[in-house]
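Since the structure comes first, as structure tokens, the remarks are kept for the end.
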Amino acid sequence: MASSLAVLVSLVCAALASGATGARVELTRVHSDPGVTASQFFREALRRDMHRHNARRLAASDNGTVSATTQKNSLNGGEYLMTLAIGTPPLPYQAIADTGSDLIWTQCAPCGDQCQQQPTPLYNPSSSTSFGVLPCDSTLSMCAAALAGATPPPGCACPYNYTYGTGWTSGIQGSETFTFGSTPADQARVPSIAFGCSNASSVDFNGSAGLVGLGRGPLSLVSQLSAPRFSYCLTPFQDTTSTSTLLLGPSAALNDTGVGTTPFVANPAMAPMSSFYFLNLTGISLGTTALSIPPGAFALNADGTGGLIIDSGTTITSLVDAAYQQVRAAVVSLVPLPTSAEGSAEAGFDLCFSLPSQTSAPPAMPNMTLHFDGADMVLPADNYMMLDGGFWCLAMQNQTNGAMSTLGNYQQQNMHILYDVGQQTLSFAPATVRVGLTRIHYSDPDIAASQFVRDALRRDMHRQRSRFGTGTTTVSSRTRKDLPNGGEYLMTLAIGTPPLPYQAIADTGSDLIWTQCAPCGAQCFQQPAPLYNPASSTTFAVLPCNSSLSMCAGVLAGAPPPPGCACMYNQTYGTGWTAGVQGSETFTFGAGPADQARVPGVAFGCSNASSSDWNGSAGLVGLGRGSLSLVSQLGAGSFSYCLTPFQDANGTSTLLLGPSAALNLNGTAGVRSTPFVAGPARAPMSTYYYLNLTGISIGATALPISPDAFALKADGTGGLIIDSGTTITSLVNAAYQQVRAAVQSLVTLPAADGSDSTGLDLCFALPTTTSAPPAMPSMTLHFDGADMVLPASSYMISGSGLWCLAMRNHTDGAMSTLGNYQQQNLHILYDVRKETLSFAPATVAMASRPWLLLCLSFLLLPFSAVPSKPSRGIRLELTHVDARGGGFTGADRILRAAERSHRRVNGLLAAVTAPDPSTLLTGDDGASAFPATASVHASTATYLVDLAIGTPPLPLTAVLDTGSDLIWTQCDAPCRRCFPQPTPVYAPARSATYSNVSCASDLCEALPSARPPPSRCSSEPGSCAYYYSYGDGTSTDGVLATEAISFGTGAAIHVLAFGCGTDNLGGTDNSSGLVGMGRGPLSLVSQLGATRFSYCFTPFNDTTTPSPLLLGSPACLSPAAKSTPFVPSPTTGPRSRRSSYYYLSLEGITVGDARLPIDPAIFRLTGAGRGGLIIDSGTTFTALEERAFVVLARAVAARVALPLASGAHLGLGLCFAAPEGRGPEAVPVPRLVLHFDGADMELPRASVVVEDPSAGVACLGMVSARGMSVLGSMQQQNMHVMYDVEMGVLSFEPARCDDL
């Protein structure tokens, strides 16, 4: 059975954010040979598990032999292999990933016949420049305890001897750089990992070259990366193609539905039990029957025996005999098949059954529930029964050799499992960092713009001069000379353990990360935060002089460094400088505890002498192209920032590193990309980001600038760079004079001397200090393949009655610089892997709001997170209902949309008037005398989605609806009454994966039925009945069931609860049922565990192009998106059926330039559940509460100022006759803005009016309603709309839907 499982290692995410790609490590299941049958695979797994259990039993009884220098961990042949690389240069190899042990080890040359055969070359420490013997007194040394505080002998190397059941390994402890990632684009390096360098090993490690321990001890990968938690999600055992994810760090979070959490049990202090993850299992149920298992069966005894652990390296769960026999007996009582000794012999299991044939489907079995302390883990039959050929076996084993039980990985499949080592809890669910930048100086409201610009120009001048120095600055022999001076943005971070917060300049023009260190004395500048003291941090280390990141490595030229070598540096930055020693430390990023993530082993400068020109910071963070920069050390393939407007003293700017630093190139309007120009090889120019600027235009006029004015010359002079630390763009003289002359010719104001007050060369006098400057055309910078359009506010600056050109003449050098003033309000992406710069207009003024995270996160480690499989995302294509059944004219479509909208709103309101469940009577058949009223009108379909149901899959078409929860389709079981549908009716009897839902289940309880819960139990024993009625007479009646459902060709299959309707009236517009996307537990969103979803509706008049629907991580917007919070839905009383709706807070409407006199309370959801505004996919035309609609209609009519026309044939109330001799496109449409809480939605013309050319009219695409308001799909067209159900936020931005 082949299975390739991808594991992503990350110390931050996103939310999974991210659909990010990040550093990816491939995992292969041991014995994943496609020629191996399931029974052979499990027989081998059981053999390995037996040895694993034996090793644990021996350890618990202290009968295992362990050398004096060893810690005895317990595994034999874990089940998953991960690919990584060791050393410098990196040597790839495969190792077992195991939660039941700690040591990371690999075989080392020379080894001889004492090493096992492995598929990759042996690692040779002498061939790596980053290997070091781990000091015997290191906190991670196994010899530290034996030393008992004594000084180790010279040249001490700590030996170890580990035994693992039938396997063992021995060698010495070392320290090395490890590389994670399967491709060069994904790779990231982590230095100074303590590991075992083995020169003798047994032969039972399953084709690997070693092991990576993920246990609870200090030597594990989890502990060494300081990861507070980790998680994994294992794909089904029968799935040989899908991938799984392993996440380490803050991004290892469960955002799934139905999360259960149970505490870890305190470990025994003795090894190896101290590494295990013990859980408190209190009982087991099969179906609704609790098994008679003694209460103490899984208790951890005082002597360290007993208990239950969860383990990734054990395949099959083992239970102590008292528990196993109860499970076995319960399974035997439920399976109506003969037992098979042949099956037991072939698969190695104790209990197997014979199926009628090798292709027969096994009978239905209830779920098994493992009752942990505070949480129930529900296992479907696929997680405790194994099917192979003609045999069906209980995939558990009896633990007769010892008293410890183990939860194996077969029982963990299709589950997202989180180990929170910080909180000491395990969480599980069915599988289905941003950094703020603060501008220096201008954040002080008392500093005038002119003074700020003058100071910025002074810094920029020094910065430019330092770039052109050819030897005029003094640099020590051990230094590398990077060149910033007082960059304009400060970032907050923390250093050391415990972390000490401080602020540092973020600078794209240099590499070194440095901060001032105590003791410092008079040689340090004053800083607002306390000095960092290395002696107070438990994670500080001097960077070895022969480290690949050492500035001294070049001086050593490969020679061994002297004992105690520490690399000194002296860096000069224009008018500033700093000197000190290189170290290695743990850095913490994130503004609040929820955002924080720690990154160990970052090389930095520990400065004990510096100049005084660092603008209130405590150091600098280099973001340049060199190896010492934060970008390089984190292995971030890209980074981006978005700088708030210069006059905005309150907003914060966002810096993103890693895969989430994307411009959403397919969904963001105006994205442009230009390649970086290869820079000179020598420092400091090798650090800079050079661009090819080919020309400049103002308005429509191209300025006569020589083509080679910005060319980078062979001697390294010239060129143009983009820089975050330079404020004002500087241009070489030939270009600047052309820009200056063009601006001067366009401005009709008198010239003024602003050189003293601003330092700028060209200024104009405004009439008064409060006068607005005149209009100016945009300036366009023509780069290679991309134009950057700058509004006047990005190249002119006003203040104190002056209006000045915010650029300067570069007379003393041949390099031009694009400064951050010209980058404001742009989202700028540096893709260092693809060697391109991309940019797009962006709005970041709301970035400080905690819920405006969208898909953005600060990926703090080179390992960036990919969500677990259910969150990797689904893409669907939505078809407009009018595209099927066809032949509709434009007027027909408008009329149909208007009718649907009216019926839809009435159906949405119908939930309010439903009778109270307590007043309903039930008939003899258990059905309600009054049916439940569903919160959607079934025949108002706007968008249809294709899916497949059952095994084998049957294609179906269903209505997509954000206003309801239940997924349902018509069923031939048999179908007493079914309405016509375009595809065959689904027949449960023909599917091998259909299963009824019990009337006592949580899924049945989640039905929003008006029927009292006991009456949900239908005449069919144990089944859960439902009955939905819709406002137009459409209804569906049937039972709740589960079934395999897939979306799209070759897409993943999900087992979902759905309504199997056998008595259905009415119709659903060329479909067979409905897919609910609402906020309740039965919706597709909830059942898939998707934390967000998005869609983009193509234009109203386009019936052929499908609209994309994205679930999970692909649902991602750019930083330019606007966001507004959802309003909590009613959850109690007769209006609780509206709990599925997505309510928004509409605060007002603007038409033209005037805010309409509409009382905001009209759109407010009352405490009684009345009113409010929802966003809805099934309503075409926005419906506004009547009092608001009347005000809006009058305002639109007044501004259009054309004769009114009848719109009766279109079903719309406000229409205008086109001007004589012209079409409806000539009807002027005023600006229309919907003001939501925190976000304005400005509607383009196509989202305001619909046109009927045959009648020569244009009509307002909105209707009047009473009782509630609805934002319809027409007003959402050409807009990417994201529902972040986890954060409770709706976000939106303009988009070309067919590009998503």
Side-chain angles (χ1 to χ4, degrees), residues 2-7 9 25-33 41 44-56 71-86 91-108 115-120 122-123 160 162-171 178 180 182 193 195-198 200-217 219-224 230 232 234 244-246 248 272 275-277 309-316 406 408-410 412 419:
S3 179
S4 177
L5 300 171
V7 169
V9 183
V25 180
E26 297 297 327
L27 273 187
T28 305
R29 190 180 296 122
V30 175
H31 294 307
S32 60
D33 184 343
F41 171 81
E44 286 299 305
L46 285 168
R47 179 189 62 80
R48 291 193 303 273
D49 290 351
M50 180 184 67
H51 290 304
R52 195 170 174 92
H53 298 318
N54 285 340
R56 291 189 180 116
Q71 171 180 337
K72 182 176 166 296
N73 293 286
S74 313
L75 94 162
N76 178 62
E79 287 303 303
Y80 293 93
L81 298 177
M82 61 185 289
T83 300
L84 62 162
I86 184 173
L91 177 72
Y93 74 100
Q94 282 192 317
I96 294 166
D98 180 55
T99 60
S101 65
D102 289 338
L103 184 66
I104 305 164
W105 66 268
T106 189
Q107 297 188 122
C108 296
C115 279
Q116 57 169 316
Q117 291 297 309
Q118 64 179 55
T120 53
L122 284 172
Y123 160 72
Y160 63 86
Y162 266 58
T163 59
Y164 302 86
T166 59
W168 56 271
T169 186
S170 63
F178 281 73
F180 300 87
S182 55
I193 297 289
F195 80 112
C197 192
S198 291
S201 301
S202 65
V203 295
D204 201 15
F205 289 99
N206 299 298
S208 73
L211 185 140
V212 174
L214 299 171
R216 303 177 82 172
L219 287 171
S220 76
L221 182 64
V222 179
S223 299
Q224 292 200 58
F230 70 97
Y232 53 71
L234 307 181
S244 300
T245 55
L246 168 68
L248 287 93
S275 289
F276 301 157
Y277 295 96
I309 66 170
I310 181 171
D311 182 32
S312 69
T314 296
T315 304
I316 305 301
T406 304
N409 57 48
Y410 186 82
Q412 301 172 47
Y419 296 66

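Residue numbers run from 1 in the order of the sequence given. Quick caveat, the model's predicted, so the values are computed rather than measured.
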Residue pair Ser312 / Asn409, side-chain donor-acceptor N/O under 3.5 Å: no
Chi angles and distances behind the side-chain contact (heavy atoms from CB on, under 4.5 Å) call for Leu221, Phe230: CA-CA 11 Å; Leu221 182 64; Phe230 70 97; over 6 Å; no
Least distance between heavy atoms, Met82 atom then Ala97 atom: SD-CB, 3.9 Å
Mutual orientation of the aromatic rings belonging to Tyr419 and Tyr232 [parallel < 30°, tilted 30-60°, perpendicular > 60°]: tilted
Non-hydrogen atoms of Ile310 and Thr99 that approach each other most closely: O-OG1, 4.0 Å
CG on Asp98 to CG on Leu103, rounded to 0.5 Å: 11.0 Å
Minimal non-hydrogen separation, Ala200 against Cys115, with atom names: N-SG, 4.3 Å
Gap between atom OH of Tyr123 and atom OG1 of Thr106 - 0.5 Å precision: 9.0 Å
Separation of Leu211 CG from Ser101 OG (nearest 0.5 Å): 4.5 Å
Where Ala209 and Tyr93 come nearest, the two heavy atoms and their spacing: CB-CD1, 3.6 Å
The single option from Ser220, Ser223, Ser275 passing side-chain hydrogen bond (donor to acceptor under 3.5 Å, both in side chains) against Asp102: Ser275
Worked check of side-chain contact (heavy atoms from CB on, under 4.5 Å) between Ile309 and Tyr277: CA-CA 5 Å; Ile309 66 170; Tyr277 295 96; 5.6 Å; no
Smallest separation among heavy atoms of Ala95 and Val212, with atom names: CB-CG2, 3.9 Å
Gln412 side-chain N/O to Asp311 backbone N/O, donor-acceptor pair under 3.5 Å: yes
Residues that Ser198 engages under side-chain contact (heavy atoms from CB on, under 4.5 Å), provided they are two or more places apart: Trp105, Tyr160, Thr169, Ser201
Tyr410 OH to Thr315 OG1 distance, which is reported to the nearest 0.5 Å: 11.0 Å
